[in-house]
**Student:** 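Dropping a structure here in structure tokens format, bear with me for questions.
These numbers come from the heavy atoms of this one structure, side chains and all, not from hydrogens, waters or symmetry mates. Just so we're on the same page: letters track the sequence lines, and every chain starts at 1.
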Protein chains: 2
Amino acid sequence: MATGRTHRPATRSRGIPEATVARLPLYLRALTALSERSVPTVSSEELAAAAGVNSAKLRKDFSYLGSYGTRGVGYDVEYLVYQISRELGLTQDWPVVIVGIGNLGAALANYGGFASRGFRVAALIDADPAMAGKPVAGIPVQHTDELEKIIQDNGVSIGVIATPAGAAQPVCDRLVAAGVTSILNFAPTVLNVPDGVDVRKVDLSIELQILAFHEQRKAGEEAAADGALPTAARAGSADQGPDGDVPAVMPA
Amino acid sequence: MATGRTHRPATRSRGIPEATVARLPLYLRALTALSERSVPTVSSEELAAAAGVNSAKLRKDFSYLGSYGTRGVGYDVEYLVYQISRELGLTQDWPVVIVGIGNLGAALANYGGFASRGFRVAALIDADPAMAGKPVAGIPVQHTDELEKIIQDNGVSIGVIATPAGAAQPVCDRLVAAGVTSILNFAPTVLNVPDGVDVRKVDLSIELQILAFHEQRKAGEEAAADGALPTAARAGSADQGPDGDVPAVMPA
DNA sequence: CTATGTGAAACGTTTCACAGCC
DNA sequence: GGCTGTGAAACGTTTCACATAG
């Protein structure tokens with residue numbers, strides 16, 4: 001649904017499906033784990049299991065990147081790590097700003113996963129003057145007044161919004177005006193952005209509501225099925241639903 | 001991709017598409033805002049704009065719930081709030097446990113959005129004995145040893161995992177064994193669960209990587225387009241990508 | 001003989017366009 | 001006259017099944 005305009009064919013293999021892009025980080029994580037254990041090669045079957053998807057999907061996904069496997073053998077772990085990293089743009093590192101250093105913002109700042117893969121917290125920004133100068137996760141919090149300067153000085157193109165809902169849109173507008181073109185939004189609001197700016201959202205309450213829906217349905221079915229399967233069958237392991245939600249992106 | 005087994009037709013209008021379910025919370029949020037401003041009715045056009053989707057999609061979504069609108073007029077706000085709440089199972093309230101009270105767990109415990117819509121934090125659980133008894137967000141942290149007892153005593157069916165990656169699977173296993181059937185996973189791992197257990201995941205690092213992919217592509221296109229559109233056109237407001245990711249659910 | 005890579009089928013979701021009702 | 005509700009078309013994603021290469 002949300003694959004950029006594709007202004008033109010560009011280099012060559014343009015057009016990796018959005019659903020595939022959303023799964024690449026999963027593959028990368030599984031591959032990194034294998035790499036740390038010095039595993040040289042994996043089959044699509046093994047890697048798929050580690051990433052929580054089925055092997056046909058994985059092979060199809062990789063086929064969009066090129067032919068990086070060896071028939072009869074599998075994939076070279078190191079090589080694939082590199083190829084996927086490159087495809088995702090993780091060979092360069094991205095300076096990121098976090099705006100809104102409350103509980104959540106602080107948790108994000110402390111989150112190790114940031115640094116581990118190509119992202120660097122360039123600055124923490126908060127509207128509370130009392131926070132200014134205080135270090136969070138070893139980084140001093142700066143005041144919102146500095147926002148534009150910080151973005152420009154650091155060449156930041158990715159912003160994380162962890163403010164209360166009411167502050168999110170104004171912050172978003174300022175980020176975009178200052179040059180940010182990708183936003184990860186934790187505030188429970190719909191953000192309005194110009195064309196060419198991507199927004200992804202993470203909303204705890206929405207996730208819980210979706211779980212509640214299925215939970216309710218289970219309860220209903222149990223009642224409906226009556227004396228039949230009382231506690232339901234327990235076995236096997238479910239596929240994790242690969243993507244982190246495909247359609248939350250709003251490309252150019 | 002992940003709609004339950006549908007053991008049988010059940011009552012009647014079974015089979016709301018997963019993509020629609022994922023958007024219902026968005027509509028609900030927009031409707032709640034309208035309700036607070038005492039707006040009596042909305043058109044699909046207005047509500048869609050508030051929820052960040054297009055009106056055709058919204059109407060199709062609502063058509064799965066029934067015919068709750070009035071042609072030529074629109075939808076009754078209060079009535080729709082009720083119908084969607086009921087559909088999502090939010091008319092009852094769900095006790096939830098949060099396991100792993102680090103930075104993120106604490107942030108989640110403090111998150112207001114929990115209580116606001118049918119969810120109640122029944123307990124906070126952490127493996128660190130030093131945390132035991134300490135109140136976080138007004139709720140005393142309990143030790144992991146108590147996990148099974150807490151789940152059973154409170155009839156908890158939804159668990160939130162905010163532990164480090166290494167602890168997530170064991171915690172998940174214990175939650176499931178104790179009776180939890182829906183899990184919201186913040187740990188960067190694939191969780192293995194038996195059939196009948198839903199897992200949704202929220203992964204910051206994955207979201208950032210997806211943004212980086214598009215960001216990189218933008219940079220490439222700009223370079224490719226050369227002297228042409230230098231800073232790119234800025235105008236209009238993008239649609240927010242309704243769902244929080246449809247496929248992360250693993251129903252029965 | 002094994003495991004990748006990929007057309008083609010099946011499925012799910014979104015968009016279109018308009019009939020139907022208020 | 002205006003807005004909902006919905007078949008049908010268009011599109012994207014997943015799954016199947018097998019030709020192909022090592």
**Student:** Measure CG/Leu47(B) against P/dC3(D) and give the value in whole Å, please.
**Tutor:** 14 Å

**Student:** Give a yes-or-no answer on whether the side chains of Ser205(B) and Gln209(B) include a donor-acceptor pair shorter than 3.5 Å.
**Tutor:**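 Yes - a donor-acceptor pair under 3.5 Å links their side chains.
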
**Student:** If I take atom CG in residue Asp61(B) and atom P in nucleotide dT14(C), what distance separates them, rounded to the nearest angstrom?
**Tutor:** 7 Å

**Student:** Given dA19(C), dT4(C), dT13(D), identify the nucleotide with an atom nearest to the side chain of Arg71(B).
**Tutor:**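 Of the candidates, dA19(C) comes closest.
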
**Student:** Nearest to the side chain of Lys60(A), which nucleotide is it out of dA8(C), dG5(C), dT14(C)?
**Tutor:** dA8(C)

**Student:** Using the closest heavy atom to pick a nucleotide of DNA chain C for each, name whichever of Gly72(A) or Thr20(B) lands nearer the 5' end.
**Tutor:** Gly72(A)

**Student:** Looking at the rings of Tyr68(A) and Tyr79(A), which for Trp means the six-membered one, are their centres under 6.0 Å apart?
**Tutor:**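 That pair passes the under 6.0 Å test.
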
**Student:** For a quick test of reading the model: is some side-chain N or O of Ser44(A) closer than 4.0 Å to OP1 or OP2 of dA3(C)?
**Tutor:** no

**Student:** Is it the case that the side chains of Thr20(A) and Asp61(A) hold a donor-acceptor pair, with the cut-off being a distance below 3.5 Å and no angle test?
**Tutor:** yes

**Student:** I want to verify a distance call: between dT15(D), dT13(C), dA17(D), whose nearest atom is closest to the Lys57(A) side chain?
**Tutor:** dT15(D)

**Student:** Where the side chain of Ser63(A) is concerned, which of dG5(C), dG7(C), dT6(D) is the nearest nucleotide?
**Tutor:**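 Nearest listed nucleotide: dG5(C).
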
**Student:** Side chain of Arg59(A): nearest nucleotide among dG5(C), dT13(D), dT14(C)?
**Tutor:** dG5(C)

**Student:** What's the OH-P distance between Tyr68(A) and dT6(C), to the nearest Å?
**Tutor:**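 It works out to 12 Å between those atoms.
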
**Student:** dT4(D) P sits how many Å from Leu58(B) CG, rounded?
**Tutor:**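 Answer to the nearest Å: 8 Å.
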
**Student:** Using the closest heavy atom to pick a nucleotide of DNA chain D for each, name whichever of Ala56(A) or Thr70(A) lands nearer the 5' end.
**Tutor:** Ala56(A)

**Student:** How many whole angstroms separate atom CG of Leu65(A) from atom P of dT6(C)?
**Tutor:** 11 Å

**Student:** Report the distance from atom CD of Glu18(A) to atom P of dT13(D), rounded to the nearest whole Å.
**Tutor:** 8 Å

**Student:** Is there a donor-acceptor pair under 3.5 Å between the side chain of Glu45(B) and the backbone N or O of Ser55(B)?
**Tutor:**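 Looks like no, no N/O pair under 3.5 Å.
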
**Student:** To the nearest angstrom, how far is Glu45(A) atom CD from dT15(D) atom C1'?
**Tutor:**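 Glu45(A) atom CD is separated from dT15(D) atom C1' by 14 Å.
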
**Student:** Phe62(A) CZ to dA3(C) P: how many Å, rounded?
**Tutor:** 16 Å

**Student:** Could you check which of dT13(C), dT15(C), dT6(C) has an atom nearest any side-chain atom of Asn54(B)?
**Tutor:** dT15(C)

**Student:** For Glu87(A), is there any backbone N or O sitting under 3.5 Å from a side-chain donor or acceptor partner on Gln216(B)?
**Tutor:** yes

**Student:** State whether Tyr75(A) places a side-chain N or O below 4.0 Å from either non-bridging phosphate oxygen (OP1 or OP2) of dG5(C).
**Tutor:**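 For dG5(C), OP1 or OP2 has a side-chain N or O of Tyr75(A) closer than 4.0 Å.
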
